[in-house]
Amino acid sequence: MNQRMLGLGSRRSVIREIFEFGKKRAAQVGAENVYDFSLGNPSVVPPQIVTDTLHRLLREEEPTALHGYTSAQGDASVRAAIADYIRKTHGVDADANFIYMTCGAAASLTITLSAVCVPGDEVITFAPYFTEYKVFTETAGASLVALDSDPDTFQIDLEKLASAINEKTAAVLVNSPNNPSGVVYSEETIVRLAHILTEKSAQLGKTIYLITDEPYRELVYGGVKVPYLTRYYPHTVVCYSYSKSLSLPGERIGYIFVNPSAERAKELYLAVCGAGRALGYVCAPSLFQKMIACCQGVTSDVSVYERNRDLLASSLQNYGFSCVRPDGAFYLFVKSPEPDAYAFCERAKKYDLLLVPGDDFGCKGYVRIAYCVSHSMIERSLPSFQKLALEYGLPARG
Ligand code: PLP
């Protein structure tokens, strides 16, 4: 038996542990008295057009075609609709022949990493980072090198990046808006990142690819713009998912977009197709592919998350907690008032506040609070956060 797989399957993630604890606790004290901020499951319903389109497709389309296999890389007309949307929205030269439909961002990333890396390669990312990056990168035979970000802003520390790149670096993996910090990388950061990658690629005599993980692209607040990385650095592969923007995480639908003007773009796309084949990720769910083609540019009502962010971030800051005010996604990354975030999470549990320690995101001393929950739950949870702050003697503001 494969011991690595056995290990991965046997260890439950910390997030799942907390979620399971929450269910048990809810049975004891009532669900309304448990404040579970552990999971990144969208709390907003999918837009009506998603449901309407699914009904229409089921009514009108011929069932064997609707539910049948599509091409391995996805239905051609679906890929054309996505390429069209990317071209119009982001002003880059997208092409259906460089899009590969996937079962969400997890599959997009696993496939892309396997396409880009060979055993012994390194992939650089920035802490805090999505917990599964290490698993996905190691599955591709490469190792993940996580660099600390600027602790005041959680923007990328570009000097650290420049010194970490070496001949083993195959790719740099970024995620903005970020899980778990909620930070959006600024245009200035992206311009400098692209500059470093261009210079280092020239020095090393090879192309370092940029992989951008974008399930939260549309979840931004207050008019903040998320730079489209392909415009800044041509050797970019976009790993997209509709899990969060359309509230469809259980339906498993997303795509990979290889920039047609990336270095050896045709071969890279073929390697993506090959990795999809090798990993068994061919023909993403057919019904959902066809629905997606009709719902380009649509999102769930993300103003709900913005309202949650506003209430939670300002209340916690008033109670004395510190966090970078997030511009996107649906997470707050809060500094633990004691160095051990696990100990802090245990104390929070006394008040039925279920938070996730930042250690698994590569950042000790922080906790993640997923605010994709009902606004009323946040309101009900505030007295508990206040008591927790008082227990630590945090300096209340306002
Ligand atoms: N990347 C990030 C940063 C995420 O937060 C998630 C899920 O929460 C994923 C990838 C996986 O997304 P999907 O459900 O589309 O596979």
Side-chain angles (χ1 to χ4, degrees), residues 13-16 18-19 36-44 46 50 74 82 100-114 123 125-137 139-140 144 146 149 154 156 171-185 210-220 226 229 237-257 275-276 279-281 284-285 288-289 291-292 295 299-300 302 305 326-333 356 358 360-363 368-373:
S13 84
V14 176
I15 299 177
R16 287 274 152 201
I18 296 169
F19 180 66
D36 185 350
F37 292 99
S38 62
L39 278 191
N41 215 2
S43 52
V44 177
V50 167
I82 293 172
Y100 188 97
M101 300 306 297
T102 65
C103 299
S108 301
L109 288 163
T110 318
I111 293 171
T112 303
L113 287 162
S114 290
V123 174
T125 198
F126 308 96
Y129 58 87
F130 180 52
T131 47
E132 297 300 274
Y133 285 174
K134 199 166 148 54
V135 178
F136 297 162
T137 307
T139 300
L144 187 72
S149 300
F154 282 123
I156 295 171
V172 170
L173 169 54
V174 297
N175 166 227
S176 168
N178 183 269
N179 174 10
S181 73
V183 162
V184 174
Y185 295 148
L210 180 59
I211 302 173
T212 165
D213 178 22
E214 310 212 331
Y216 302 97
R217 165 163 284 282
E218 292 81 9
L219 275 63
V220 280
V226 185
L229 271 55
V237 183
V238 178
C239 292
Y240 187 79
S241 161
Y242 298 91
S243 293
K244 316 286 172 167
S245 62
L246 288 178
S247 303
L248 296 172
E251 306 299 354
R252 316 308 300 139
I253 190 78
Y255 64 82
I256 297 166
F257 164 50
L279 294 163
Y281 276 135
F288 277 80
Q289 283 191 51
M291 178 278 290
I292 284 303
C295 297
T299 68
S300 306
V302 301
Y305 301 129
D327 285 323
F330 37 49
Y331 308 104
L332 275 188
F333 206 50
V356 178
D360 277 9
F361 301 97
C363 222
R368 187 188 80 170
I369 302 180
Y371 58 79
C372 42
V373 296

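The structure presented is a predicted model; accordingly, all values stated were derived computationally and were not measured. Each ligand, and each atom within it, is numbered from 1 in the order the structure gives. Computation of the quantities below employed the complete heavy-atom set of this structure, encompassing side-chain atoms and omitting hydrogens, waters and symmetry-equivalent molecules.
In this view, T137 and L113, V123, A142, L144 satisfy the side chain to side chain contact (heavy atoms under 4.5 Å, CB included) rule, not counting sequence neighbours. In this structure, the side chain to side chain donor-acceptor pair (under 3.5 Å) partners of Y240, at least two apart in sequence or on a different chain, are E218, S245. Among residues two or more places apart in sequence or in another chain, the side chain to side chain donor-acceptor pair (under 3.5 Å) test is passed with R217 by E214.
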Every pair of nitrogen or oxygen atoms between ligand 1 and the protein that is under 3.5 angstrom apart - can you list them with their distances to 0.1 Å?
| from | atom 1 | to | atom 2 | distance (Å) |
| --- | --- | --- | --- | --- |
| ligand 1 | 1 (N) | D213 | OD1 | 3.4 |
| ligand 1 | 1 (N) | D213 | OD2 | 2.6 |
| ligand 1 | 5 (O) | N179 | ND2 | 2.7 |
| ligand 1 | 5 (O) | Y216 | OH | 2.7 |
| ligand 1 | 8 (O) | Y216 | OH | 3.4 |
| ligand 1 | 8 (O) | K244 | NZ | 2.9 |
| ligand 1 | 14 (O) | S243 | OG | 3.1 |
| ligand 1 | 14 (O) | R252 | NH1 | 2.9 |
| ligand 1 | 15 (O) | A105 | N | 2.8 |
| ligand 1 | 15 (O) | S241 | OG | 2.6 |
| ligand 1 | 15 (O) | S243 | OG | 2.8 |
| ligand 1 | 16 (O) | A105 | N | 3.2 |
| ligand 1 | 16 (O) | A106 | N | 2.9 |
| ligand 1 | 16 (O) | R252 | NH2 | 2.7 |

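Screening Y371, F154, F37 against F333 for a ring pair (Phe, Tyr, Trp, His ring centres under 6.0 Å) leaves a single residue, F154. Remark: of the listed residues I211, D213, T212, I211 is the sole one forming a side chain to side chain contact (heavy atoms under 4.5 Å, CB included) with T112.
Between the side chains of Y216 and Y305, no donor-acceptor pair of N or O atoms lies under 3.5 Å.
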